Each structure stands twice: as C-alpha cells, then as structure tokens.
Amino acid sequence: MTVVQPLLVGVDVGGTKIAVLITTPDGVILGRATRASSVGDQDGAAEAIATTVETALLDAGASVDAVAVIGVGVPGRVDPLTGRVTIAVNLGWTDLALRDALEARLGRPCVIENDARAAAVGLHRRRILGAADDIAYLAVGTGIAAGVILDGRLHRGARGLAGEIGHAIADAAGPVCTCGQRGCLEALVSGPSIARRAAQALAADAAGPGHGRRSTLAMIPAERLTAVDVYQAATAGDPLATDLVEDVGRRADGRVGSSGGPW
C-alpha cells in the first residue's frame with residue numbers, strides 16, 4: 001500500500017477506551033486501532049496513547065514520519081495552548097503535560113483539546129449541521145460533557161470549563177459520583193450509570209413480591225449489562241427499561257422527579 005503524505009491522526013481518549021483513526025486530509029480512513037483506557041495510570045497515559053497510534057499506523061501501512069499532526073481529544077479541562085490536562089476525573093488524571101509527553105515519544109506535533117469541544121468544532125467547521133453558527137454538542141458516554149459554539153467561535157468559559165455539565169448536581173440525594181459529590185448528572189444518566197441503575201432495579205424487582213416486572217434484562221448477567229441493552233429493551237416495550245429511560249430523560253432535561261422505581 002502506498003501512503004501519500006501528509007496523514008492526520010485523531011485520538012479519542014475516553015473512560016473505557018482509547019480509539020485512533022489514521023486519515024488523509026480529506027477524511028479517508030486508512031487505519032484504526034483501539035485499546036482499553038488505563039484509568040488511574042497517569043504515568044503510563046502517554047505511552048498507552050502512543051502505542052495505540054503506532055498500532056493504527058501499522059494498520060494503515062504507514063510510518064509516523066508520514067504524519068502531519070496528531071489531534072487528541074481528552075475528557076476534562078485542557079489548556080489548548082500548553083497541551084496540559086489539569087482535570088480529568090474519569091481518567092484519574094491531574095496536571096498531566098500530555099502534549100509534551102506525546103511529542104517527545106512520537107516526534108510529531110500534537111494538539112490536545114477537550115473531546116466534546118473538539119467534536120463541536122469539527123461539526124461546525126465541516127458544516128455537518130448546515131450554516132448554524134450557534135451549536136451545543138452533548139456527548140454522553142462514560143462521562144457527560146458539552147461543546148458550545150457561539151457566533152461561530154468555540155466557547156471555553158472564564159476558567160476553561162464551559163460545557164462541563166457532567167458534575168452539575170442534579171439530585172442532592174442521588175448516588176455518589178466518581179468526583180466525590182452526590183447526585184451529579186453523570187452519576188445518574190451516563191452510560192455506566194444507566195447500566196448500574198438497571199442492575200440495581202433488577203435486583204430490587206427480583207426480591208420483590210411476585211418477582212417484580214420480569215424484565216427481559218434479567219437474562220443478561222449484571223456485569224455485562226450496558227446502557228445499549230437498556231435502551232434496546234425499552235424500545236421493545238420492556239417496562240423496567242422504559243421506566244428507567246423515562247427517568248433518565250427527566251434528569252437530563254432538569255425535571256428531577258420520581259418514576260416510582262428503585263432509583
């Protein structure tokens with residue numbers, strides 16, 4: 001395979017995985033790779049990312065010398081000028097000089113940005129949503145965050161935390177979040193939280209009179225249950241899953257109320 005320079009590398013660092021794409025400047029995908037995130041391993045973070053980039057380059061049949069720039073999206077607060085990640089709760093990182101570490105390891109220029117903001121900028125610049133210059137992109141996964149474009153410009157906020165809505169408290173009596181607060185939006189409606197709440201509801205129903213609502217989700221082992229399973233079950237009319245999905249919707253739009261379920 002003949003690779004035409006230059007190549008672009010996109011890296012998405014999330015709470016569960018690191019995903020890498022190798023593309024041409026016009027967006028043709030040449031290679032890809034994924035690996036599990038090493039949550040809490042700040043010292044090994046740059047090496048894990050670099051190794052995944054090298055695996056993707058191997059898949060593309062290219063060398064790092066063919067790369068023009070590497071873009072890395074990271075959840076949390078990022079200083080785009082220094083490439084330093086100062087807060088990344090779901091990764092367990094604090095004050096990590098990620099750009100310097102990656103450039104030293106790979107020998108190519110790197111740009112580090114908050115992942116939701118990077119996605120919002122990409123949507124705007126590529127006009128995926130048409131001519132809109134005011135965009136709010138909401139990312140829901142292991143964590144929850146938003147990227148905001150106002151009048152065609154990325155909005156960062158006075159402290160670089162604009163769009164970091166995942167740790168806004170939605171229910172003061174809610175479950176403890178990974179950040180240490182109780183009832184954060186992320187602790188209620190993120191992907192892992194939906195799976196956790198479904199497992200808790202199944203356990204409560206199984207112990208109830210008549211064995212509860214006999215959800216089809218009970219056929220899935222609790223450790224393998226995902227938010228995708230919950231939404232698929234709700235689409236099929238499963239009552240337990242439907243109650244949970246409706247509760248998630250209320251939490252997400254600010255209408256915190258009780259659905260009568262064990263959450």
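Atoms considered below: every heavy atom in the structure, side chains included; atoms not considered: hydrogens, waters and symmetry mates. This one's a predicted model, so the numbers in the text were calculated from it and none came from an experiment.
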K.L.:
L30 and V9: same hydrophobic cluster, using ILVMFWY side-chain contacts below 4.5 Å?
P.N.:
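They do share one cluster, since a chain of ILVMFWY contacts under 4.5 Å joins L30 to V9.
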K.L.:
Donor-acceptor pairs under 3.5 angstrom involving side-chain atoms of residues 42-56: please list them, not counting sequence neighbours.
P.N.:
unit_1, atom_1, unit_2, atom_2, d
Q42, OE1, T94, N, 2.6
Q42, NE2, T94, O, 3.0
E47, OE1, R105, NE, 2.8
E47, OE2, T51, OG1, 3.2
E47, OE2, R105, NH2, 3.2
T51, OG1, E47, O, 2.8
T52, OG1, A48, O, 2.7
E54, OE1, R105, NH2, 3.1
E54, OE2, R105, NH1, 2.7
E54, OE2, R105, NH2, 3.3
T55, OG1, T51, O, 3.0

K.L.:
Counting C-beta onward and ignoring hydrogens, is there a side-chain heavy-atom pair between I70 and V11 closer than 4.5 Å?
P.N.:
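Yes. Closest side-chain heavy atoms under 4.5 Å.
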K.L.:
Quick one, V20 with T34, criterion side chain to side chain contact (heavy atoms under 4.5 Å, CB included). Give me CA distance, side-chain angles, the key distance, then yes/no.
P.N.:
CA-CA 6 Å; V20 177; T34 61; over 6 Å; no
K.L.:
Check whether any side-chain N or O of R117 sits under 3.5 Å from a backbone N or O of A162 as a donor-acceptor pair, and report yes or no.
P.N.:
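Here the side-chain-to-backbone pair exists.
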K.L.:
To the nearest 0.5 Å, what is the distance between CD1 (I87) and CG (L161)?
P.N.:
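If I round to the nearest 0.5 Å, the distance is 6.0 Å.
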K.L.:
In terms of side-chain geometry, is the basic nitrogen of R127 or D133 positioned less than 4.0 Å from the acidic oxygen of its partner?
P.N.:
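Result for this pair is yes, salt bridge flagged.
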K.L.:
Can you tell me how far apart CG (L188) and OG (S193) are? Round to the nearest 0.5 Å.
P.N.:
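The CG atom of L188 sits 7.0 Å away from the OG atom of S193.
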K.L.:
Identify the heavy atoms of G14 and S37 that sit nearest to each other, and give their distance.
P.N.:
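Nearest pair, atom of G14 first, then S37: O-OG, 2.6 Å.
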K.L.:
Assess whether a salt bridge exists between R197 and D247, defined as any Lys/Arg side-chain N lying under 4.0 Å from an Asp/Glu carboxylate O.
P.N.:
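Counted as a salt bridge, because a side-chain N and a carboxylate O are separated by less than 4.0 Å.
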K.L.:
Rounded to the nearest 0.5 Å, what separates atom CD1 in I112 from atom CG in L102?
P.N.:
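CG of L102 is found 5.5 Å from CD1 of I112.
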K.L.:
Write down the atom of G31, the atom of D59, and the distance for their closest heavy-atom approach.
P.N.:
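Residues G31 and D59, closest heavy atoms: CA-OD2, 3.2 Å.
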K.L.:
Assigning hydrophobic clusters by single linkage (Ile, Leu, Val, Met, Phe, Trp, Tyr; side-chain heavy-atom cutoff under 4.5 Å), is V245 placed with I220?
P.N.:
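Yes, same cluster.
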K.L.:
With the 4.5 Å side-chain cut-off for hydrophobic clustering, are L106 and V67 part of the same group?
P.N.:
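In one cluster with L106: V67, yes.
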K.L.:
Is the shortest side-chain heavy-atom distance between Y231 and T226 below 4.5 Å?
P.N.:
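Not in contact.
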K.L.:
Find the distance between OG1 (T216) and CD (Q232) and round it off to the nearest 0.5 Å.
P.N.:
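The distance works out to 10.0 Å.
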K.L.:
When you measure from the side chain of E186 to the backbone of H167, do you find a donor-acceptor pair of N or O atoms at a distance under 3.5 Å?
P.N.:
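No; zero donor-acceptor contacts below 3.5 Å.
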K.L.:
Identify the heavy atoms of A62 and L7 that sit nearest to each other, and give their distance.
P.N.:
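Where A62 meets L7 most closely, the heavy atoms are CB-CD1, 3.6 Å.
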K.L.:
Do any side-chain atoms of residues 72-81 form donor-acceptor pairs under 3.5 angstrom with protein atoms, and if so which ones, sequence neighbours left out?
P.N.:
unit_1, atom_1, unit_2, atom_2, d
R77, NE, T86, OG1, 2.9
D79, OD1, L81, N, 2.9
D79, OD1, T82, N, 3.4

K.L.:
Report the residues that fulfil side-chain hydrogen bond (donor to acceptor under 3.5 Å, both in side chains) with R84, sequence neighbours left out, ordered by chain and then residue number.
P.N.:
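With neighbours one apart ignored, the set is D95.
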K.L.:
Is P109 close to E103 at the side-chain level, that is, under 4.5 Å between some pair of heavy atoms?
P.N.:
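SC-SC contact between E103 and P109 confirmed.
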K.L.:
Should L240 and L217 count as side-chain neighbours, where that means a heavy-atom distance under 4.5 Å?
P.N.:
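Yes. Closest side-chain heavy atoms under 4.5 Å.
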K.L.:
So, taking the atom named CG in D229 and the one named CZ in R224, what distance separates them when rounded to the nearest 0.5 Å?
P.N.:
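Here the interatomic distance stands at 8.5 Å.
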K.L.:
Does the side chain of L154 come within less than 4.5 Å of I149's, by heavy atoms?
P.N.:
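With C-beta onward as the side chain, the pair touches.
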K.L.:
Specify the closest pair of heavy atoms between P25 and L8, including all atoms of both residues, with the distance to one decimal.
P.N.:
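Closest approach of P25 to L8: CA-CD1, 3.8 Å.
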K.L.:
Tell me the closest heavy-atom pair linking G166 and C184, and the distance in Å.
P.N.:
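Heavy atoms of G166 and C184 come nearest at O-CB, 3.5 Å.
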K.L.:
Does a side-chain heavy-atom distance below 4.5 Å link I144 with I165?
P.N.:
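Contact flag for I144/I165 side chains = yes.
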K.L.:
One pair to check against side chain to side chain donor-acceptor pair (under 3.5 Å): S215 and D238. What are the steps and the verdict?
P.N.:
CA-CA 6 Å; S215 171; D238 183 278; 2.9 Å; yes
K.L.:
Would you say V28 ends up clustered with V69 if hydrophobic residues are merged whenever their side chains have heavy atoms under 4.5 Å apart, either directly or through other cluster members?
P.N.:
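No, V69 does not connect to V28 through the hydrophobic network.
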K.L.:
Please find the pair of heavy atoms, one from I194 and one from L244, that lie closest to each other, and give the distance.
P.N.:
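Minimum heavy-atom separation between I194 and L244: O-CD2, 3.6 Å.
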K.L.:
Any side-chain heavy atom of L98 sitting closer than 4.5 Å to one from W93?
P.N.:
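Yes, their side chains come closer than 4.5 Å.
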K.L.:
V248 and L202: same hydrophobic cluster, using ILVMFWY side-chain contacts below 4.5 Å?
P.N.:
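V248 clusters together with L202.
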K.L.:
What's the separation between atom CD1 in I135 and atom CG in L150, rounded to the nearest 0.5 Å?
P.N.:
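Going from CD1 on I135 over to CG on L150, the span is 10.0 Å.
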K.L.:
Would you mind checking if E113 and R99 are paired as a salt bridge, meaning a charged N to carboxylate O distance below 4.0 Å?
P.N.:
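Between E113 and R99 there is no salt bridge, as every charged N stays at least 4.0 Å from the carboxylate O atoms.
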K.L.:
For the residue pair H124 and L129, establish whether any side-chain heavy-atom pair is separated by less than 4.5 Å.
P.N.:
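No - every pair of side-chain heavy atoms lies 4.5 Å or more apart.
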